[in-house]
Amino acid sequence: MSIIEKLRNKVIVSSQASLGEPFHEEVCMKAMIQSVINGGAAGLRVAGVRDVKLAKTFGVPVIGLTKPEKLPTNWKSIVYITPTVEDAKSLSEAGADIIAFDGTERKRPDNSNLSDMIQVIHSLGRISMADISTLEEGIKCAELGVDIISTTLSGYTTESLKNDNKPDFKLLTNLINSLDKPIILEGRIWEVDDVKKAFDLGAHSVVIGSAITRPHLITERFVNYNQ
């Protein structure tokens with residue numbers, strides 16, 4: 001069974017922690033990953049070479065990406081998820097099965113473009129996954145031959161600003177209806193019903209991050225229950 005098929009109708013957990021957060025320490029990240037695997041996560045989405053290597057020891061498909069240790073204040077208008085082809089190469093060398101990258105057409109720091117990124121990932125024998133924010137971006141990536149499309153960036157770019165904290169089911173549906181590609185729902189998934197709805201709509205997989213692996217954000221939701 002292919003890596004992509006192994007993830008069909010499965011939950012993938014994004015196990016990430018920023019520099020300065022307690023779970024950023026390697027021993028803590030290892031414990032976090034083991035916990036979500038014990039809970040039934042079928043795959044992992046992790047950031048950085050260190051965590052890709054760590055995740056690979058758990059025997060499930062690994063989606064790898066790079067991102068800055070600290071996001072700049074203009075993060076909604078720049079490419080920061082695996083922004084260069086060298087980043088993709090480093091993730092491949094670390095063992096990532098799937099390499100996730102910014103699937104928008106915004107300028108990249110190495111002046112590469114989407115086609116360059118997808119071709120490099122394929123030349124490395126890896127699966128390409130475009131994190132997009134709009135239907136148009138998804139269509140463009142599909143035309144360029146990307147393997148997987150994810151709604152990761154919906155609401156997190158200047159082209160896709162949202163006023164709520166809910167998954168973008170409309171984008172998911174439009175991508176599924178428009179493209180013959182595995183479509184993943186990611187972003188602002190906090191409830192079990194969100195997962196069920198995503199699969200009912202035809203999502204290939206669902207990626208959940210903060211609701212599982214960011215204790216400080218989970219705590220804030222309860223502390224600020226009346227806001």
Side-chain angles (χ1 to χ4, degrees), residues 2-5 7-8 10 12 14 16 43-47 52 61-67 75-92 96-160 162 167-189 198 201-209:
S2 70
I3 294 291
I4 294 177
E5 281 304 305
L7 295 173
R8 183 181 293 278
K10 301 294 185 180
I12 301 162
S14 179
Q16 299 180 39
L44 298 165
R45 178 175 165 117
V46 298
V52 167
V62 174
I63 301 170
L65 62 127
T66 65
K67 63 197 303 186
W75 58 271
K76 287 186 178 181
S77 60
I78 65 169
V79 172
Y80 63 88
I81 296 177
T82 317
T84 72
V85 293
E86 289 304 316
D87 289 321
K89 291 176 181 178
S90 70
L91 294 167
S92 177
D97 301 294
I98 301 170
I99 297 176
F101 60 93
D102 182 305
T104 72
E105 293 192 87
R106 296 176 295 182
K107 182 177 174 60
R108 294 157 205 276
D110 63 351
N111 292 318
S112 63
N113 56 38
L114 286 173
S115 180
D116 296 332
M117 179 65 76
I118 294 168
Q119 289 181 24
V120 166
I121 292 172
H122 288 168
S123 72
L124 296 168
R126 305 300 184 183
I127 298 167
S128 58
M129 175 173 167
D131 292 343
I132 57 89
S133 67
T134 68
L135 174 61
E136 292 73 23
E137 291 165 0
I139 291 173
K140 178 64 175 181
C141 288
E143 290 174 347
L144 293 173
V146 79
D147 300 301
I148 302 170
I149 296 170
S150 177
T151 63
T152 312
L153 289 175
S154 172
Y156 300 106
T157 67
T158 53
E159 295 78 18
S160 64
K162 286 171 60 68
D168 196 338
F169 291 113
K170 180 179 179 180
L171 177 59
L172 173 70
T173 300
N174 288 338
L175 288 166
I176 290 170
N177 290 339
S178 302
L179 302 172
D180 185 22
K181 297 282 183 179
I183 309 297
I184 291 178
L185 179 70
E186 180 174 3
R188 300 178 300 281
I189 300 166
L201 290 172
H204 185 87
S205 310
V206 173
V207 174
I208 305 173

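Computed over heavy atoms, backbone and side chain alike; hydrogens, waters and symmetry mates excluded. Just so you know, residue 1 is the first one in the sequence shown, and it goes up from there.
Taking the side chain as every heavy atom from C-beta outward, I149 and L179 approach each other to under 4.5 Å. Using a 4.5 Å cut-off on side-chain heavy atoms (C-beta onward), E136 and E159 make no contact. No side-chain heavy atom of D110 sits less than 4.5 Å from a side-chain heavy atom of D116. Side-chain atoms of L175 and I132, non-hydrogen and from C-beta on, do get closer than 4.5 Å to each other. Between F169 and L185, the closest side-chain pair of non-hydrogen atoms falls below 4.5 Å. Contact annotation: the side chain of I12 never approaches that of I208 to less than 4.5 Å [non-hydrogen atoms, C-beta and beyond]. You'll find the side chain of V62 stays beyond 4.5 Å of the side chain of I98, heavy atoms only. Counting heavy atoms from C-beta outward, D102 and P83 have side chains that stay 4.5 Å or more apart.
The existence of a salt bridge linking R108 and D87 is excluded, since no basic side-chain nitrogen approaches an acidic carboxylate oxygen closer than 4.0 Å. Taking the charged nitrogens against the carboxylate oxygens, K140 and E137 have no contact shorter than 4.0 Å, which rules out a salt bridge.
For S128 and D147, the side-chain atoms include at least one donor-acceptor pair closer than 3.5 Å. A donor and an acceptor atom, one from each side chain of N113 and S115, are nowhere located under 3.5 Å apart. Remark: the S123 side chain and the Q119 side chain contain no N/O donor-acceptor pair separated by less than 3.5 Å. In this model, no donor atom of one side chain and acceptor atom of the other lie less than 3.5 Å apart for T84 and E86.
Closest of all the heavy-atom pairs between G64 and V52 is CA-CG2, 3.9 Å. Closest non-hydrogen pair, L114 versus E105, comes out as CD1-CG, 3.7 Å. Of all the heavy atoms in I118 and C141, the pair that sits closest is CD1-O, 4.1 Å. The nearest pair of heavy atoms linking A100 to I81 is O-CG2, 4.1 Å. Counting all heavy atoms, side chain and backbone alike, A47 lies closest to K67 at CB-CD, 3.9 Å. Here the shortest heavy-atom pairing between P61 and I3 reads CB-CG2, 3.9 Å.
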- Intermediate values then yes/no, side-chain contact (heavy atoms from CB on, under 4.5 Å), L44 and I63: CA-CA 6 Å; L44 298 165; I63 301 170; over 6 Å; no
- Query: Given S160 and T157, is the side-chain hydrogen bond (donor to acceptor under 3.5 Å, both in side chains) satisfied, shown in steps?
  - Reply: CA-CA 5 Å; S160 64; T157 67; 2.7 Å; yes
- Start with the C-alpha gap between E186 and S154, add the side-chain angles, then the distance that decides, and say whether side-chain contact (heavy atoms from CB on, under 4.5 Å) holds. CA-CA 9 Å; E186 180 174 3; S154 172; over 6 Å; no
- Chi angles and distances behind the side-chain contact (heavy atoms from CB on, under 4.5 Å) call for S150, M129: CA-CA 7 Å; S150 177; M129 175 173 167; 3.4 Å; yes
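For the side-chain contact (heavy atoms from CB on, under 4.5 Å) test, residues two or more places apart in sequence or in another chain that qualify with S92 are I99, L124, R126. Taking the salt bridge (Lys or Arg N to Asp or Glu O under 4.0 Å) definition, one finds that K107 meets it with nothing, sequence neighbours left out.
Taking OG1 from T151 and CG from N174, the interatomic distance works out to 12.0 Å, rounded to the nearest 0.5 Å. Atom CG of D168 is separated from atom OG1 of T173 by 9.0 Å, given to the nearest 0.5 angstrom. The CG atom of D131 sits 7.5 Å away from atom OG1 of T82, with the distance rounded to the nearest 0.5 Å. Taken from CG in D97 to CG in L91, the straight-line distance is 11.5 Å, to the nearest 0.5 Å. The structure places CZ of F101 at 15.0 Å from OH of Y80, a figure rounded to the nearest 0.5 Å. Distance check: R45 CZ to I184 CD1 gives 8.5 Å after rounding to the nearest 0.5 Å.
Put simply, the side chain of R8 never gets that close to the backbone of H204: no donor and acceptor are under 3.5 Å apart.
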